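Chain identifiers are assigned alphabetically (A, B, ...) following the order of the sequence lines, protein sequences preceding nucleic acid strands; residue numbering begins at 1 within each chain. Only a predicted model underlies this, so the values are computations on that prediction, with no experimental measurement involved.
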2 protein chains.
Amino acid sequence: MKTVYNIIIADDHKMFVDGLRSILEQEEDLHILHTTSKGEEVLKYLKINQNEPVDLLITDLNMPGIDGIALNQSIKKDFPTIKTLVISMLEDGAKIKSLTEDGVNGYLSKNAEQTELLKAIRSILSGENYFSVHIQSILIKMLTNSRKTAEVRLTQREKEVLQLIAKEHTTQEIADLLFLSKHTIESYRKNLINKLEVRNLAGLTRYAIEHDMI
Amino acid sequence: MKTVYNIIIADDHKMFVDGLRSILEQEEDLHILHTTSKGEEVLKYLKINQNEPVDLLITDLNMPGIDGIALNQSIKKDFPTIKTLVISMLEDGAKIKSLTEDGVNGYLSKNAEQTELLKAIRSILSGENYFSVHIQSILIKMLTNSRKTAEVRLTQREKEVLQLIAKEHTTQEIADLLFLSKHTIESYRKNLINKLEVRNLAGLTRYAIEHDMI
DNA sequence: TTAAAAATCACTGAATTCAGGGAGTTCAAG
DNA sequence: CTTGAACTCCCTGAATTCAGTGATTTTTAA
């Protein structure tokens, strides 16, 4: 019979990890196997220590290198038995939605209380998912006015072009950089303006920045 | 003879505060007087409890309402005996510089180690200021290539125009909104592009967003 | 395998931006 | 009082963006 749960923590804010550790150490049945500041290291650790059963990964959303979203995807794909709890300081509806689609087991804001953290961990370990009421309302808001959120799915090329636009490159420059015709870039720009429902370069740039694309 | 230092913590990330608390509680001579998630409350608390000597305020940089910068200013003005340590997840050179000018006693990134946190607190309590090597290098970089940072001081009107540009308004619209001639707005746009050393609307928008102007 | 999506290129014409110049007024500080 | 900064307005011409439409090829997914 298993009485101890093994936990891995990934967060580049060491001080936060320290805090998290001191909170979890007060719980007898929660054992921190490993902490790291890089998403890549989690995957490396799991591949090397396949014999050690890991129950839960607690990870930050924003990290250098592999971020929380990509990390969660990899985990769910390669180690589907490991539960994941994402903790973030931001409450980015789109990212939360994306995480849920990837099968994340819980999401907490960093301004959650200690009791809520433990409650979330307990829920997840017992097989339920945990999303705070606040997060749930954000998600619902996302889904209801999905007209605005409406799956503005950009293609790879569109993303590239958008990035370069936001970096102040002119159409001709982008064409040269991507070895495409100037007309092609103009088409992409036009489509982007339509898709993202903005009016001009300023709007495109805002979108790019607000979606962490540059 | 004083052996215990009184500390106040202001941070809207409760989980972080919990962590901080559990770290500081291991130190006998560090006593947490009060924690809060709002900058305003710190000032209120200090005004009410003027009899209690407070030695150190640890505060986050980004908070809703009064942020770390404004809070630090108020503290240094009204309670100059209280030392201040700002902890942030961002390493924003401009904001750090601004804080030092306001007389902050230390700055730490949230990815600092627990040992560094305590070292910083000890330094500050003993009368020295504490800035990590990393932060120092950021500050020096700020000051040395101050050509680029060069106090790009925007006038009130320029800021207004810049904001509206970043909000996707056309020149004509801005002119109408501000009851000015279209030519005037064009002049402002031109000056902004010069002053900020950008090339087009995308650059202006980036500047506006990166400087929290919208 | 077939339909949909993505990627590419093209044309036209109107609207806007960008670059460079000049110039008058007001208001505060030296 | 005068110097400078901020604010306002104007002109020209080139460059770029924006809007609408359409079409071919390749890739992807049903």
Side-chain angles (χ1 to χ4, degrees), chain A residues 73 77 98 101-102 146-147 149-211 213-214, chain B residues 146-211 213-214:
Chain A
Q73 280 174 343
K77 181 166 158 280
S98 155
E101 284 164 357
D102 294 333
S146 55
R147 229 168 317 152
T149 316
E151 288 299 307
V152 185
R153 183 154 280 139
L154 299 186
T155 68
Q156 193 49 45
R157 262 304 195 224
E158 285 173 336
K159 283 181 195 166
E160 286 179 73
V161 172
L162 178 53
Q163 274 177 30
L164 292 169
I165 287 175
K167 282 181 184 163
E168 298 174 57
H169 292 290
T170 64
T171 301
Q172 187 58 61
E173 285 173 357
I174 298 173
D176 294 342
L177 282 167
L178 301 181
F179 304 105
L180 294 173
S181 152
K182 165 180 156 182
H183 301 295
T184 308
I185 307 303
E186 280 172 350
S187 288
Y188 281 122
R189 190 186 54 231
K190 202 185 336 169
N191 286 336
L192 285 165
I193 287 177
N194 270 330
K195 274 196 182 183
L196 305 181
E197 293 179 56
V198 298
R199 306 176 66 189
N200 52 28
L201 292 189
L204 292 177
T205 306
R206 277 179 66 180
Y207 183 94
I209 294 178
E210 279 160 13
H211 290 74
M213 299 182 62
I214 59 172
Chain B
S146 54
R147 230 168 315 149
K148 240 189 103 190
T149 318
E151 288 299 307
V152 184
R153 185 156 279 137
L154 300 185
T155 68
Q156 193 49 44
R157 263 302 195 223
E158 285 172 336
K159 283 181 196 166
E160 286 180 73
V161 172
L162 178 52
Q163 274 176 32
L164 292 170
I165 287 175
K167 282 181 185 164
E168 299 175 56
H169 292 290
T170 65
T171 301
Q172 188 58 61
E173 285 174 356
I174 299 173
D176 294 343
L177 283 167
L178 300 181
F179 303 106
L180 293 173
S181 154
K182 166 182 157 183
H183 301 294
T184 308
I185 307 303
E186 281 173 350
S187 289
Y188 280 122
R189 175 164 28 80
K190 201 189 332 170
N191 286 336
L192 284 165
I193 287 177
N194 270 330
K195 274 196 183 183
L196 306 180
E197 294 179 53
V198 297
R199 307 176 66 188
N200 52 29
L201 292 189
L204 292 177
T205 306
R206 278 178 68 179
Y207 184 94
I209 293 178
E210 279 159 13
H211 290 73
M213 297 180 63
I214 59 172

Item to complete: Return the 5'-most residue of the pair B:Leu201, B:Ser187 with respect to DNA chain C, ranking by each residue's nearest nucleotide.
Response: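 Counting from the 5' end, the first nearest nucleotide belongs to B:Leu201.
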Check the distance between [N]'s [atom2] and [X]'s [atom1] and give it to me in whole angstrom.
X: B:His183; N: C:dG22; atom1: NE2; atom2: C1'; value: 14 Å
X: B:Tyr188; N: D:dA5; atom1: OH; atom2: P; value: 15 Å
X: B:Gln156; N: C:dA28; atom1: CD; atom2: C1'; value: 17 Å
X: A:Leu162; N: C:dA7; atom1: CG; atom2: P; value: 13 Å
X: A:Leu178; N: C:dT8; atom1: CG; atom2: P; value: 8 Å
X: A:Glu186; N: D:dT21; atom1: CD; atom2: C1'; value: 14 Å
X: A:Ile193; N: D:dA19; atom1: CD1; atom2: C1'; value: 9 Å
X: A:Asn191; N: C:dC9; atom1: CG; atom2: P; value: 14 Å

Does the side chain of [X] get closer than 4.0 angstrom to OP1 or OP2 of [N] through an N or O atom?
X: A:Thr170; N: D:dA15; answer: no
X: A:Arg199; N: D:dC18; answer: no
X: A:Thr171; N: D:dT17; answer: yes
X: A:Thr184; N: C:dT8; answer: no
X: A:Ser181; N: C:dA10; answer: yes

* Asked: Roughly how far apart are B:Lys159 NZ and B:His211 NE2, rounded to 0.5 Å?
  ->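 Reported value, rounded in 0.5 Å steps: 11.0 Å.
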Notebook entry, point to check: CD1/A:Ile165 to CD1/A:Ile214 distance, rounded to the nearest 0.5 angstrom?
Noted result: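 With rounding to 0.5 Å, CD1 (A:Ile165) is 12.0 Å from CD1 (A:Ile214).
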Relative orientation of the end axes in the helix from C:dT1-D:dA30 to C:dG30-D:dC1, expressed as an angle to the nearest 10° (five pairs per end):
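Inter-axis angle at the termini of the helix from C:dT1-D:dA30 to C:dG30-D:dC1: 60°.
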Is the side chain of [X] donor-acceptor paired with the backbone N or O of [Y] at a distance under 3.5 Å, no angle test?
X: B:Asn200; Y: B:Gly203; result: yes
X: A:Glu210; Y: A:Tyr207; result: no
X: A:Thr205; Y: A:Leu201; result: yes

Q | Under-3.5 Å donor-acceptor pair between A:Lys182 side chain and D:dT16 base | A |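 Per atom types, no contact qualifies.
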Let's test your reading of the model: under 3.5 Å, does the base of D:dC7 pair with the side chain of B:Thr155 as donor and acceptor?
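Flag unset: no donor-acceptor pair detected.
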Give B:Asn200 one of three labels, base, sugar-phosphate or nothing, depending on what nucleic acid heavy atoms sit under 4.0 Å from its own.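 Touches sugar-phosphate only.
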- When the nearest nucleotide of DNA chain D is assigned to A:Lys190 and to B:Lys190 on a heavy-atom basis, which residue is associated with the more 5' position?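 Whichever sits nearer the 5' end wins; that is B:Lys190.
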message = Test salt bridge (Lys or Arg N to Asp or Glu O under 4.0 Å) on A:Arg199 and B:Glu173; report intermediate values, then the result.
response = CA-CA 13 Å; A:Arg199 306 176 66 189; B:Glu173 285 174 356; 2.6 Å; yes
Is there a donor in the side chain of A:Asp102 and an acceptor in the side chain of A:Gln73, or the other way round, less than 3.5 Å apart?
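Yes, side-chain donor-acceptor contact under 3.5 Å.
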query: Salt-bridged, A:Glu158 to A:Arg189, with N to O below 4.0 Å?
result: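 Result for this pair is no, no salt bridge flagged.
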